[in-house]
Amino acid sequence: MAGGAAHAEADAAGAHRAGADRAAKRRRRRARAKAAGLGRSRCGLSSKVHAAVDSAGLPLAFVLTPGQAADCPQFKAVLDKIRVPGPVGRPRTRPDAVAADTTYSSRGNRSYLRRRGIKAVIPEKRDDAANRKRKGSKGGRPVSHDTDLYKERNTVERCFQKVKTWRGVAT
């Protein structure tokens, strides 16, 4: 009887160790995927590239995130990575204006830009505008943005087209 009980305990310990090994393997796999910027989305593993580009279409900063990550929270991370060296002194980290798509439109991002003294050229989302109008005078003022400066936003798309043609990135 004692031998049978010891054998059952050994089997339980082995099963526990196997479960721990599987959990450790799962953690390592997730850590590697996170480091590579891979994440689950509708069509499998994917990643997103968030970029800051100057008016000439030259890249200033890139942030790679997993495919399921939302765009809006990456706004500050991309802006914090901008470093433009000048002829003397410390690098410039604050642009004059930021033109971004509606996915980056949020109260937090706008207040962040206001605190740093950066002009926000981000249109308001339709549902945010509808909610603001529904609240009436308590909804606040409408968000304004420079439409001519917003038209220059395609420089980001042109930068991505340049990067895509580079064979090292394509593979």
Side-chain angles (χ1 to χ4, degrees), residues 1-54 57-85 90-95 97-118 120-128 131 153-171:
M1 281 299 223
H7 183 65
E9 286 178 16
D11 285 346
H16 175 69
R17 194 175 323 112
D21 290 343
R22 282 193 299 271
K25 187 183 277 188
R26 214 174 10 254
R27 279 193 301 274
R28 284 193 303 270
R29 190 180 308 128
R30 284 184 187 145
R32 279 194 308 267
K34 185 177 179 183
L38 292 174
R40 289 275 171 206
S41 67
R42 286 177 142 175
C43 55
L45 289 175
S46 66
S47 58
K48 289 183 184 177
V49 179
H50 307 273
V53 178
D54 68 357
L58 300 173
L60 298 175
F62 285 107
V63 172
L64 186 68
T65 59
Q68 78 273 12
D71 293 337
C72 197
Q74 308 309 321
F75 186 76
K76 294 175 189 174
V78 172
L79 284 181
D80 288 342
K81 287 189 128 198
I82 295 176
R83 301 276 184 269
V84 180
R90 60 186 177 85
R92 187 161 185 230
T93 60
R94 194 180 73 197
V98 172
D101 199 6
T102 54
T103 56
Y104 296 101
S105 175
S106 74
R107 186 176 292 166
N109 288 344
R110 289 179 193 285
S111 64
Y112 175 75
L113 292 174
R114 227 181 347 265
R115 277 194 312 271
R116 292 190 64 195
I118 302 171
V121 185
I122 306 170
E124 190 176 24
K125 292 181 183 177
R126 286 186 185 146
D127 60 338
D128 289 345
N131 290 336
R153 191 181 47 86
N154 67 8
T155 55
V156 176
E157 305 302 329
R158 286 185 283 163
C159 174
F160 275 117
Q161 290 303 319
K162 287 180 198 172
V163 169
K164 283 181 181 179
T165 58
W166 184 44
R167 197 174 118 204
V169 173
T171 56

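One-based numbering along the sequence shown. On a predicted model such as this, the values are computed, not experimentally measured, just so you know.
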Under the rule for side chain to side chain donor-acceptor pair (under 3.5 Å), what residues qualify as partners of Arg92, not counting sequence neighbours? Asp96
Side chain to side chain donor-acceptor pair (under 3.5 Å) partners of Arg116, counting only residues at least two apart: Tyr112
Can you tell me how far the CG atom of Leu113 sits from the NZ atom of Lys76, to the nearest 0.5 Å? 9.5 Å
Minimum side-chain heavy-atom gap Asp54-Val84 below 4.5 Å: no
Determine the minimum heavy-atom distance between [X] and [Y], stating which atoms define it.
X	Y	value
Arg94	Gly117	NE-O, 4.5 Å
Ala120	Arg110	CB-NH1, 4.3 Å
Lys125	Ser105	CE-O, 3.7 Å

Before giving the answer on side-chain contact (heavy atoms from CB on, under 4.5 Å), spell out for Arg83 and Thr93 the whole-Å C-alpha distance, their side-chain angles and the decisive distance to 0.1 Å. CA-CA 5 Å; Arg83 301 276 184 269; Thr93 60; 3.1 Å; yes
Is there a donor-acceptor contact under 3.5 Å from the side chain of Ser106 to the main chain of Asn109? yes
Residues which pass side chain to side chain contact (heavy atoms under 4.5 Å, CB included) with Pro59, listed by chain and number, not counting sequence neighbours: Phe62, Cys159
Is there a side-chain contact (heavy atoms from CB on, under 4.5 Å) between Val53 and Phe160? Walk through the geometry before answering. CA-CA 10 Å; Val53 178; Phe160 275 117; over 6 Å; no
Option passing side-chain contact (heavy atoms from CB on, under 4.5 Å) with Gln74 (candidates Thr65, Thr103, Leu79): Thr65
